[in-house]
Amino acid sequence: MAITYELIKTCKQTGARLGRVHTPHGSFETPMFMPVGTLATVKTMSPEELERMGAQIILSNTYHLWLRPGEDIVEEAGGLHKFMNWDGSILTDSGGFQVFSLSDLRQIEEEGVHFRNHISGEKLFLSPEKAMHIQNSLGADIMMAFDECPPYPADHDYMKKSVERTSRWAERCLEGHNRSNEQGLFGIVQGGEYEDLRRQSAQDLTSLDFPGYAIGGLSVGEPKDVMNRVLDFTTPLLPDEKPRYLMGVGSPDSLIDGSIRGIDMFDCVLPTRIARNGTCMTSDGRLVVRNAKFARDFRPIDENCDCHTCRNYSRAYIRHLVKSSETFGFRLTTYHNLYFLLKLMRQVREAIREDRLGDFREEFFEQYGFNKP
Ligand SMILES: CNc1nc2c(CC[C@H]3O[C@H](OC)[C@H](OC)[C@@H](OC)[C@@H]3OC)c3nc(N)[nH]c(=O)c3cc2[nH]1
């Protein structure tokens, strides 16, 4: 599998690591944030804008693209990169999570999951083999194994059975996957908040020698200290020479705390989702631009930001667009939020280089307001 990881250095002040992931569509430095492009588009952004803001890998979604437009159409287009005109790296999720989060009528069996299409209501079936077939058709550089992401909280008995099935599903994904294939396949470690089950899941998956590993089953409603505790005992179970991807995590504090615990890759819909209701991430915390107090405020969204939005547009103008439901307003907030997180990851990588990520965390948390009681 053509996904390799290069460990450049470890921060002397924390457990964070600076690295580089190589994929068939280019390489990117880690820790890295990956914008989410569920339906083969990072909502309201063009590939040129994504490239200009420094995005190097984006996500797309097996479940959604299977339903619409169908993986066959994407394959006929020459794969996702051609279909959406993005020549950077792409990662697709296996569809497991979406089945558990989007459709209520589902039945999990050893063979796979029966559920209803959340749009048409028709009965569907997804299995490890089917998830691999869809991802092969989509052609993403990094594919995810088909897993169950159990709800939070889940009792130990349920979680143990789920972890064991997810490990069997991971083996089936690998069986169907041709290792010489350019696409890489990551295993997903589950086990909830149970250290024994996280250990079992990590052992099962690392014995299968995937080119990279995701930590799943987090950012599903658990408190942040639970997530950090799970990371504290799970990340060390994963091989140093492979990338580690924490799924569904993207608030600024979690990106920093995940990096400190040795995570290399993150994804989250948060920046693009909140942008579409006019909420922006700034170095002084969140700013809700539709607020009346910005009606005559001609400063940029964030005076410490040098992004295209902040260099050319004011709070008053963006507030006017957002309140008028003008699409351009959401493009401006989306661009800024993605740029903010990509810039944060650049600052994290810089702090690792200079062995001061702990100090950076304190400064950032203070200014953003995370330390406020
Ligand atoms: C939010 N907390 C969150 N998201 C988890 C995702 C999905 C990530 C997925 O989350 C959206 O799908 C719904 C995104 O689309 C809207 C997908 O991007 C394409 C993204 O795929 C990586 C998980 N995926 C799998 N396969 N297994 C997991 O255990 C898991 C845990 C997550 N926690």
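The chain is numbered in sequence order, starting from 1. Both ligands and their constituent atoms are indexed starting at 1 by order of listing. Worth knowing before you read on, the calculation uses all heavy atoms, side chains too, and leaves out hydrogens, waters and symmetry mates.
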ask   = Does Thr92 have a non-hydrogen atom less than 4.0 Å from ligand 1?
value = no

message = Any nitrogen or oxygen of Arg273, side chain or backbone, less than 3.5 Å from one on ligand 1?
response = no

key: Ionic contact status for Lys9 with Asp355, cut-off 4.0 Å   = yes

task = Return yes when Gln190 approaches ligand 1 closer than 4.0 angstrom through a heavy atom, no otherwise.
result = yes

Side-chain donor/acceptor of Ser60 to backbone N/O of Ala40, under 3.5 Å = yes

message = Does only the side chain of Tyr63 get under 4.0 Å from ligand 1, or the backbone, or both, or neither? Count heavy atoms.
response = neither

query = Should you measure from each heavy atom of Ser219, which atoms of ligand 1 turn up under 4.0 Å away?
reply = 1 (C), 2 (N), 3 (C), 33 (N)

remark   = OH (Tyr368) and CG (Asp284) are apart, to the nearest 0.5 Å, by 10.0 Å

ask   = Does Glu350 come within less than 4.0 Å of Lys343, counting only side-chain N to carboxylate O?
value = no

query = Ser60 heavy atoms, cut-off 4.0 Å: which ligand 1 atoms fall inside?
reply = 19 (C)

query = Gly217 heavy atoms, cut-off 4.0 Å: which ligand 1 atoms fall inside?
reply = 28 (C), 29 (O), 31 (C)

message = I'd like to check which ligand 1 atoms, numbered from 1 as shown, lie under 4.0 Å from a non-hydrogen atom of Ile188.
response = 26 (N)

query = With a 4.0 Å cut-off, would you call Glu164 and Lys160 a salt bridge?
reply = yes

key: Met32 and Leu342, any side-chain heavy atoms less than 4.5 Å apart   = yes

ask   = At a 4.0 Å threshold, what atoms of ligand 1 neighbour a non-hydrogen atom of Val269?
value = 16 (C)

note = Under 4.0 Å from one or more heavy atoms of Val36, ligand 1 contributes atoms 14 (C), 15 (O), 16 (C), 18 (O), 19 (C)

inquiry  = List ligand 1 atoms under 4.0 Å from Asp147, heavy atoms only on the residue side.
reply    = 25 (C), 26 (N), 27 (N), 28 (C), 29 (O)

ask   = Phe115 vs Tyr63 aromatic rings, parallel, tilted or perpendicular, using cut-offs 30° and 60°?
value = tilted

key: Polar contact flag for Asn61 and ligand 1 (N/O pairs, less than 3.5 Å)   = yes

message = Looking at ligand 1, is there an atom of it that comes within less than 4.0 Å of some heavy atom belonging to Met144?
response = no

ask   = With a distance cut-off below 6.0 Å to the six-membered ring centre and an angular limit of 45° from the axis, does Arg346 pair with Tyr339 as a cation-pi contact?
value = yes

ask   = Counting each atom of ligand 1 from 1 as listed, which ones have a heavy atom of Ser94 under 4.0 Å away?
value = 26 (N)

ask   = Any salt bridge between Asp264 and Lys242, counting N to O under 4.0 Å?
value = no

message = I'd like to know if Phe186 contacts ligand 1, where contact means a heavy-atom distance under 4.0 Å to any ligand atom.
response = no

query = For Ala145 and ligand 1, does the shortest N/O to N/O distance drop below 3.5 Å?
reply = no

inquiry  = Could you check whether any side-chain heavy atom of Ile58 comes within less than 4.5 Å of a side-chain heavy atom of Met84, counting everything from C-beta outward?
reply    = yes

